[in-house]
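All heavy atoms count here, side chains included; hydrogens, waters and symmetry mates do not. Numbers for residues simply follow the sequence, beginning at 1.
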Amino acid sequence: MKKRYVAGGGNEMYNPNWSRSDLTRQKLGTFCEYYAKMSLASYGVSIYTSEVDDHGIDFIAESKRGFLKFQVKAIRKGTGYVFMREEYFDISDQSLYLFLLLLNDGEHPIEYLIPATTWDNDSSNIFVYHSYKGKKSKPEYGLNISAKNIPQLERFKLENMITAI
């Protein structure tokens, strides 16, 4: 059973009411990047940040495998769609990961660590590619996250993936 946290009800380190209007997308993105870094650091991974995010990489970390690159994305209310522009998300790069956080009000984030190569090797309907040929939008890799397909992400939960990095 998941423990629910109520803002103002005790010793919270942060406010887990993710749907509030004052938590803009930019503020949420900043929080999630810090949260991802702290989570990895708690496992002994060294974190390196830059002040400029100019190539779709939010931070770099050093683990027993060497240097790894991370793109951080979040979804509020546990379902939806996230995407990474193809020009910044090279699915052949074995050192690139998506750090995904699912945010449900009153709960700690659910963390997933997904190798970029998954989009090249997985045939499920959760990992998608949109070329947008002949359209204004640029090509992207995405995740279709719904209650039905969330179980497909279980293998990518941080606690299941941390030994692989």
Of Leu101, Leu100, Leu143, Ile114, the residue whose pairing with Lys73 passes side chain to side chain contact (heavy atoms under 4.5 Å, CB included) | Leu100
Given Leu98, which of Trp119, Phe156, Tyr112 fulfils the side chain to side chain contact (heavy atoms under 4.5 Å, CB included) condition?
-> Trp119
For Val128, the other hydrophobic cluster members (4.5 Å side-chain criterion, sorted by chain and number) are Tyr81, Phe83
Mark yes or no for whether Asn144, through its side chain, and Ile126, through its backbone, hold a donor-acceptor pair below 3.5 Å.
-> no
Do Phe99 and Tyr35 make the cut of ring centroids closer than 6.0 angstrom?
-> no
Does a sphere of radius 6.0 Å around CZ in Arg25 hold more than 12 heavy atoms from other residues, nucleotides or ligands, not counting ones at 6.0 Å or beyond?
-> no
Trp18 (side chain) donor-acceptor with Glu107 (main chain) under 3.5 angstrom = yes
Would you check, one step at a time, whether the test side chain to side chain contact (heavy atoms under 4.5 Å, CB included) holds for Phe70 with Ile60?
-> CA-CA 6 Å; Phe70 293 90; Ile60 294 180; over 6 Å; no
Asn149 side chain to Ser146 side chain, donor-acceptor N/O pair below 3.5 angstrom | yes
All heavy atoms of Ile47 vs all of Ala61, minimum pair found to be CD1-CB, 3.9 Å
Any donor-acceptor pair under 3.5 Å linking the side chain of Asn121 with the backbone of Thr117?
-> yes
Verify, without hydrogens or angle tests, whether Lys64 (side chain) and Thr163 (backbone) share a donor-acceptor contact under 3.5 angstrom.
-> yes
Derivation and outcome, side chain to side chain donor-acceptor pair (under 3.5 Å), residues Ser124 and Gln152 = CA-CA 8 Å; Ser124 66; Gln152 295 176 49; 3.1 Å; yes
Within a radius of less than 6.0 Å around CD of Glu62, do more than 12 heavy atoms belonging to other residues, nucleotides or ligands occur?
-> yes
Between Tyr129 and Glu140: side-chain donor-acceptor atoms closer than 3.5 Å | no
